[in-house]
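First listed ligand is number 1; within each ligand, the first listed atom is number 1. Note that this is a predicted model, so its numbers are computed, not measured.
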Amino acid sequence: MRVIEEPDKETVSRRAAEFLAELVRRRPDCVLGLATGSTPLGLYQELIHQHREEQLDFSQVVTFNLDEYVGLPPTHSQSYRHFMQENLFSQININPENTHVPDGRALDFEAHCEQYERAIQEAGGIDLQILGVGGDGHIAFNEPGSSLGSRTRLKTLAPETVRDNARFFESEQEVPRLAITMGVGTILESRRCLLMACGLNKARAVQATVEGPVTAQVTASALQLHRDVIVIVDHDAASMLARREYYREVEEAERRLRAERSSQPS
Ligand code: F6R
């Protein structure tokens, strides 16, 4: 895992946007895996900015979102489809047909989940998957105890997640208890994963993700099995990492190497 520490949420968002924009410029028809929640909001703002000011072109980009609440129509203010429309899709030049979010109102969930997996395969697989992490260490809605080989499926939200997400609803009662989510196995098939985390309330989950044992109790820890993972954290979220100094040294050494290489005549 490559661990990049940045001062705050703004710089974390900018750094994540650099990776994503570089991919979109290099491969205009790339496949992105996207997340919702408060963590990627700054990243989406930065992408919108680059689209408007620097002509970052999303016209051929294909996206797949990680998850969706069961029972909420796409028009519901707290549905993840609505979140994506508001915070990204409606503000860039993406083709709406290229954007995929699981349908929380599907009648046959099993068939819908299988179809979602197939659509990812048919698009050629996910090139870069953006991830946040829950306070309990979940990625997507893969709550503690989820199989590390799991695929897209129906999942019951853990009580901690229901409490965390209640801030977006009028009351805890209104938070849906079920979601459709990509599985850990689905996520691990992405070519690259980029996990972002900010704030003291994520410090324990980040430590367990990066330095803890690989365990289904912290589904983000399964990322340790992936060969290309970038973790971008702010100072607060990095505060419990035991090898923090080392991660900084690695980044500094790589930065020096890149600077040396780019100053050499080609
Ligand atoms: C959202 C998702 C979740 C969130 C996680 C962190 O699509 O898959 O796993 O990334 O719950 O949420 P925030 O960013 O709101 O702290």
Side-chain angles (χ1 to χ4, degrees), residues 8-10 12-13 16 32-45 63-70 72 74 76 78-89 99-104 113 116 120 126 128-146 148 150-169 175-188 190 193-206 208-209 216-223 229-234 236-237:
D8 52 33
K9 194 166 182 176
E10 208 179 307
V12 165
S13 303
L32 301 176
L34 299 178
T36 54
S38 44
T39 309
L41 276 175
L43 161 66
Y44 297 154
Q45 283 299 317
T63 66
F64 287 90
N65 263 78
L66 286 169
D67 39 22
E68 177 62 285
Y69 289 119
V70 165
L72 299 191
H76 189 286
Q78 294 310 323
S79 79
Y80 286 170
R81 164 55 82 178
H82 186 264
F83 176 101
M84 292 309 300
Q85 289 301 132
E86 287 289 298
N87 294 300
L88 185 64
F89 298 155
T99 68
H100 304 85
V101 180
D103 182 356
C113 293
Y116 202 71
I120 295 173
I126 292 170
L128 175 63
Q129 176 66 59
I130 302 298
L131 296 163
V133 62
D136 60 3
H138 69 226
I139 42 174
F141 273 130
N142 294 290
E143 300 288 26
S146 294
L148 300 186
S150 51
R151 315 298 311 184
T152 302
R153 69 207 183 293
L154 214 55
K155 191 76 199 165
T156 305
L157 271 52
E160 185 176 342
T161 305
V162 173
R163 276 196 299 277
D164 274 358
N165 292 3
R167 67 191 193 276
F168 300 114
F169 292 80
V175 184
R177 271 25 184 197
L178 291 172
I180 296 179
T181 179
M182 276 189 208
V184 180
T186 321
I187 292 167
L188 289 180
S190 309
C193 295
L194 194 164
L195 183 139
M196 305 163 69
C198 299
L200 276 178
N201 59 333
K202 298 294 172 74
R204 191 178 296 277
V206 166
T209 299
Q217 296 308 314
V218 178
T219 52
S221 68
L223 294 171
V229 176
I230 300 166
V231 175
I232 310 182
V233 284
D234 69 0
D236 283 345

Problem - For Pro74 against His82, the heavy-atom pair lying closest together - result: O-CB, 3.4 Å
Practice task
Would you please indicate if the ring centroids of Phe169 and Tyr69 are separated by under 6.0 Å?
Solution key: yes
Completion exercise
For Leu66, the atoms of ligand 1 under 4.0 Å from one of its heavy atoms are 8 (O)
Practice task
Could you name the option among Gly37, Gly134, Gly137, Gly132 that has the heavy atom nearest to atom 10 (O) of ligand 1?
Solution key: Gly132
Practice task
Using a 4.0 Å heavy-atom cut-off, say whether Thr39 meets ligand 1 through its side chain, its backbone, both or neither.
Solution key: both
Problem - Proximal candidate to atom 2 (C) of ligand 1 [heavy atom criterion; set Asp67, Asn65, Ile130] - result: Asp67
Problem - Glu160 atom CD, neighbour heavy-atom count above 12 within 6.0 Å - result: yes
Completion exercise
heavy-atom search around atom 3 (C) of ligand 1 in the protein gives Ala140 O, 3.6 Å
Fill in the blank from the handout: Nearest heavy-atom approach of Ser146 to Thr219 is CB-CG2, 3.9 Å
Completion exercise
Tightest non-hydrogen contact, residues Ala208 and Ser221, listed as O-CB, 3.9 Å
Handout entry: Minimum heavy-atom distance Cys113-Ile180, with the two atoms named
Key = SG-CG2, 3.8 Å
Practice task
Can you pull out the closest protein heavy atom to atom 5 (C) of ligand 1? Residue, atom name and distance to 0.1 Å, please.
Solution key: His138 NE2, 3.5 Å
Completion exercise
Numbered in order shown, the ligand 1 atoms found under 4.0 Å of a heavy atom of Lys202 are 6 (C), 13 (P), 16 (O)
Completion exercise
Closest non-hydrogen atoms of Leu223 and Val229, given as atom of the first, atom of the second and distance, are O-CG2, 3.5 Å
Practice task
May I ask you to identify, for Arg167, whether its side chain, its backbone, both or neither come under 4.0 Å of ligand 1 on a heavy-atom basis?
Solution key: side chain
Practice task
List the closest protein heavy-atom neighbour of atom 1 (C) of ligand 1: residue, atom name, distance to the nearest 0.1 Å.
Solution key: Thr36 OG1, 3.2 Å
Handout entry: Heavy-atom nearest neighbour in the protein, as seen from atom 6 (C) of ligand 1, with distance rounded to 0.1 Å
Key = Val133 O, 3.4 Å
